[in-house]
Visitor: 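If you scroll down you'll find the structure; I have some questions about it.
Below, chains carry the letters A, B, ... as their sequence lines are ordered, and counting in each starts from 1.
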Amino acid sequence: MEVRVRYAPSPTGLQHIGGIRTALFNYFFARSSGGKFILRVEDTDRERYSDESLEDLYNTLSWLGIEWDEGPVVGGPYGPYIQSERFDLYKKYAEQLVAEGKAYYCYCSPERLEALRKEQAESKSEYQGYDRHCANLTAEERAELEAQGIKPVIRLRVPTEGKTTFHDILMGDITRRNRDISPDPIILKSDGFPTYHLANVIDDHLMHITHIMRAQEWIPSGPLHVLLYNAFGWEVPLYCHLPMVMGKDGQKLSKRHGSTAVRDFRAKGYLPEAIINYVTLVGWSLDGSTEFFSKEELEKCFRLENIHKSPAVFDYKKLDWFNGQYIRATADDKLAGLIVPYLQDAGFVHDPLSEDEEKLVSKLVPSVKERMKVLSDVVPLTAFIFRDEPVTDKNVYIGKGADLDKTAEALRKGMSILLDGVKAGRSQEDIENDLASLASELGLKVGGVFQPIRVAITNSTVSLPLFDSIDMIGIDETERRLERGLKILEEN
RNA sequence: GGUCCCUUCGUCUAACGGUUAGGACAGGAGAUUCUCAGUCUCUAAAUAGCGGUUCGAUUCCGCUAGGGACUACCA
């Protein structure tokens with residue numbers, strides 16, 4: 001039997017880490033087992049739907065390089081793959097259940113339901129949920145309510161006796177007493193749209209889905225779905241509930257833990273390879289020691305048996321580490337292309353790049369590459385090249401164990417060694433040695449000499465290596481900044 | 001409140017019922033005769049508790065504790 005799995009998000013928000021982790025697991029399982037990966041858009045919630053979310057779904061998947069075999073845009077034999085385009089279908093099936101007595105119309109107002117919920121909560125009643133008020137209306141009663149113009153919903157009759165069991169590949173059998181299933185859930189809303197449960201079950205069946213891989217937060221609705229499959233007389237697919245992705249505090253990962261939208265990670269300069277690699281490792285591992293996986297490798301070695309049962313905390317620091325690793329593994333010319341947009345956004349270079357800018361960018365890549373965790377780090381790292389904002393606080397120039405006078409002297413003597421050396425084409429090593437000698441002559445640590453030079457040239461105490469920096473702004477600009485630095489130190 | 005799920009270093013995880021309980025991130029120390037970073041080396045750090053089963057439990061079973069999810073005309 002061919003494996004057919006699906007990712008079925010609802011376009012009610014941006015694609016987030018948890019969602020794409022589910023997408024990735026489905027995708028890799030399909031690929032590694034020679035099956036099909038299907039994308040289905042569950043847009044039955046008209047209130048929360050947004051075009052932006054749908055666009056974000058497509059953008060995110062394509063950025064990650066996750067291609068679907070069937071779904072929107074590409075089509076497939078069981079389409080359409082957007083639920084709002086299957087509107088009539090759900091109603092038909094829901095009415096079929098009503099006709100068979102397995103479901104019924106309910107005319108209760110939202111107000112009544114609200115009051116009921118409140119009452120149950122306050123009385124701490126063991127019974128939660130709908131009281132089956134409309135479960136046995138007569139034809140006359142219904143006709144009267146219809147005449148009042150009330151649009152009914154359709155509820156599924158949940159048995160009060162017995163148990164319902166479903167099998168989960170990871171969890172084993174999960175059994176629940178039917179009386180514990182939230183009674184008589186709505187399957188068709190008054191606006192004619194199905195709720196998640198109905199649409200999901202119908203589509204998974206019609207699309208021949210074999211394995212349902214979704215987050216563990218869905219476990220409680222598993223028995224309900226099985227009831228639905230049984231009501232229709234359909235075969236129940238295999239379940240595989242994925243461990244949840246949590247925040248630092250052990251709660252379901254959400255915005256308050258930091259960025260969760262993949263779009264935001266992309267904007268900050270995370271590489272798709274790093275996201276895929278790390279996110280897949282949340283709740284899955286091959287052998288406990290292999291850390292790096294390319295998408296292609298995962299498409300081969302992903303196994304359901306290696307998925308974990310327990311929830312996992314999403315570690316932003318580890319993602320940073322992965323991203324840094326991937327940046328360092330990126331070829332210089334490719335990396336240059338990746339950082340250009342950040343330099344343009346910062347207003348450092350033109351769009352398109354001038355020839356000089358092009359050269360400058362490829363020149364700065366090697367030294368910046370070792371220092372980036374995310375692509376946007378390039379901006380603060382290279383700001384001194386494009387913006388000259390001198391440090392006017394003298395204290396910043398003073399290295400450890402030095403004072404103002406010594407620092408000024410170190411800068412005065414140091415800059416001439418440096419400038420003369422560079423102009424004369426002496427080796428970096430020789431110049432460095434001379435600067436080190438100067439430091440000991442002055443009774444300073446090497447930093448005592450390098451610090452004022454660094455601050456004068458790069459306007460910062462932390463910077464790219466000195467000689468790289470000089471190379472990037474040019475010797476004339478270097479001289480200008482050094483002289484200005486000296487002036488700042490010698491003022492008053 | 002009810003139902004269900006989960007439990008190895010701070011975090012992600014490895015370990016046919018037999019290992020000095022391994023790796024990685026983060027942390028700490030050191031090296032790299034310029035800062036930061038990077039790289040390399042070293043280091044600290046865990047089987048939630050209690051009972052079984054067993055010659056032997058991280059591993060199997062039970063209980064307790066803790067955590068989480070769900071309990072919508074949202075998915």
Visitor: Does K317(A) put a side-chain nitrogen or oxygen below 4.0 Å from OP1 or OP2 of C12(B)?
Guide: no
Visitor: With sugar-phosphate meaning primed atoms plus P, OP1 and OP2, does A436(A) contact a base, only sugar-phosphate, or nothing at under 4.0 Å between heavy atoms?
Guide: nothing
Visitor: Using the C1' atom on both, measure A14(B) against C50(B) and round to a whole Å.
Guide: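 Approximately 27 Å lies between the C1' atom of A14(B) and that of C50(B).
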Visitor: Find which nucleotide of RNA chain B each of D180(A) and C108(A) is nearest to by heavy atoms, and output the residue with the more 5' nucleotide.
Guide: D180(A)
Visitor: Taking E114(A) first and then K118(A), would you say they form a salt bridge - that is, a charged N and a carboxylate O separated by under 4.0 Å?
Guide: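 No salt bridge links E114(A) with K118(A).
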Visitor: Establish whether the base of C36(B) is bridged to the side chain of R371(A) by a donor-acceptor pair shorter than 3.5 Å.
Guide: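 For R371(A), whose side chain was compared with the base of C36(B), there is a donor-acceptor pair (under 3.5 Å).
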Visitor: Rounded to whole angstroms, how far apart are CG on D287(A) and P on C16(B)?
Guide: 13 Å
Visitor: Tell me whether F450(A) and C34(B) count as stacked here, given that the ring centres must be under 5.5 Å apart and the planes must differ by less than 30 degrees.
Guide: yes
Visitor: For atom C1', what is the distance between U39(B) and U47(B), given to the nearest Å?
Guide: 34 Å
Visitor: Quantified in whole Å, what is the C1' atom distance between nucleotide A65(B) and nucleotide G51(B)?
Guide: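 Result for the C1' pair: 14 Å, nearest Å.
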Visitor: With a 3.5 Å limit on both atom pairs, tell me what U19(B) is paired to, counting Watson-Crick and G-U wobble, or say none.
Guide: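 Check on U19(B): unpaired, no WC or wobble geometry under 3.5 Å.
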Visitor: Within 45° of the six-membered ring axis of F25(A) and under 6.0 Å from that ring's centre, is NZ or CZ of R21(A) located there?
Guide: yes
Visitor: For atom C1', what is the distance between G22(B) and U58(B), given to the nearest Å?
Guide: 13 Å
Visitor: Would you classify H308(A) as touching base, sugar-phosphate or nothing, given that sugar-phosphate means primed atoms plus P, OP1 and OP2, and contacts are heavy atoms under 4.0 Å?
Guide: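 Here H308(A) touches the backbone only, sparing every base.
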Visitor: What is the base-pairing partner of A45(B), counting Watson-Crick and G-U wobble geometry with both distances under 3.5 Å?
Guide: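 A45(B) is paired with nothing.
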Visitor: Salt bridge or not between R481(A) and E479(A)? Use side-chain N to carboxylate O under 4.0 Å.
Guide: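 Salt bridge between R481(A) and E479(A), a charged N being under 4.0 Å from a carboxylate O: no.
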Visitor: In whole Å, what is the span from the CZ atom of F166(A) to the P atom of C4(B)?
Guide: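 For the pair F166(A) CZ and C4(B) P, the rounded distance is 12 Å.
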Visitor: Looking only at atom C1', what distance separates A48(B) and G68(B), rounded to whole Å?
Guide: 16 Å
Visitor: Strictly below 4.0 Å, N to O, side chains only: are R40(A) and D204(A) in salt-bridge contact?
Guide: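 A salt bridge is present here (some side-chain N lies under 4.0 Å from a carboxylate O).
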Visitor: Using whole Å, what does the distance between atom P of nucleotide A72(B) and atom CG of D184(A) come to?
Guide: 13 Å
Visitor: Roughly how far, to the nearest 0.5 Å, is the CD atom of E291(A) from the CH2 atom of W321(A)?
Guide: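 Going from the CH2 atom of W321(A) to the CD atom of E291(A) covers 5.0 Å.
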Visitor: Side-chain donor-acceptor pair under 3.5 Å between Y278(A) and N323(A), yes or no?
Guide: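 Checked: Y278(A)/N323(A) side chains show no N/O donor-acceptor pair below 3.5 Å.
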Visitor: So, under a plain 3.5 Å distance rule, would you say the side chain of K318(A) forms a donor-acceptor pair with the base of A24(B)?
Guide: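 Yes, the side chain and the base share a sub-3.5 Å donor-acceptor pair.
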Visitor: Any donor-acceptor pair under 3.5 Å joining the side chain of S190(A) to the base of C73(B)?
Guide: yes
Visitor: Between C1' on U13(B) and CZ on R303(A), what's the gap in Å once rounded to a whole number?
Guide: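 Value for this atom pair: 19 Å.
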Visitor: Heavy atoms from C-beta onward define the side chain here; which of A75(B), U35(B), C73(B) lies closest to that of P110(A)?
Guide: C73(B)
Visitor: Determine the Euclidean distance between corresponding P atoms of G56(B) and U11(B); express it in Å to zero decimal places.
Guide: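 Comparing P positions in U11(B) and G56(B) gives a spacing of 32 Å.
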Visitor: Can you work out whether Q428(A) or G129(A) has the more 5'-proximal nearest nucleotide on RNA chain B?
Guide: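 Counting from the 5' end, the first nearest nucleotide belongs to Q428(A).
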Visitor: Using atom P in both nucleotides, what's the gap between A72(B) and C61(B) to the nearest angstrom?
Guide: 33 Å
Visitor: Measure from the side-chain heavy atoms of H197(A) and tell me the nearest of C6(B), U39(B), A75(B).
Guide: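 For H197(A), the side-chain atoms sit closest to A75(B).
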Visitor: Using the C1' atoms only, state how far A46(B) lies from U41(B), rounded to an integer number of Å.
Guide: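 Result for the C1' pair: 24 Å, nearest Å.
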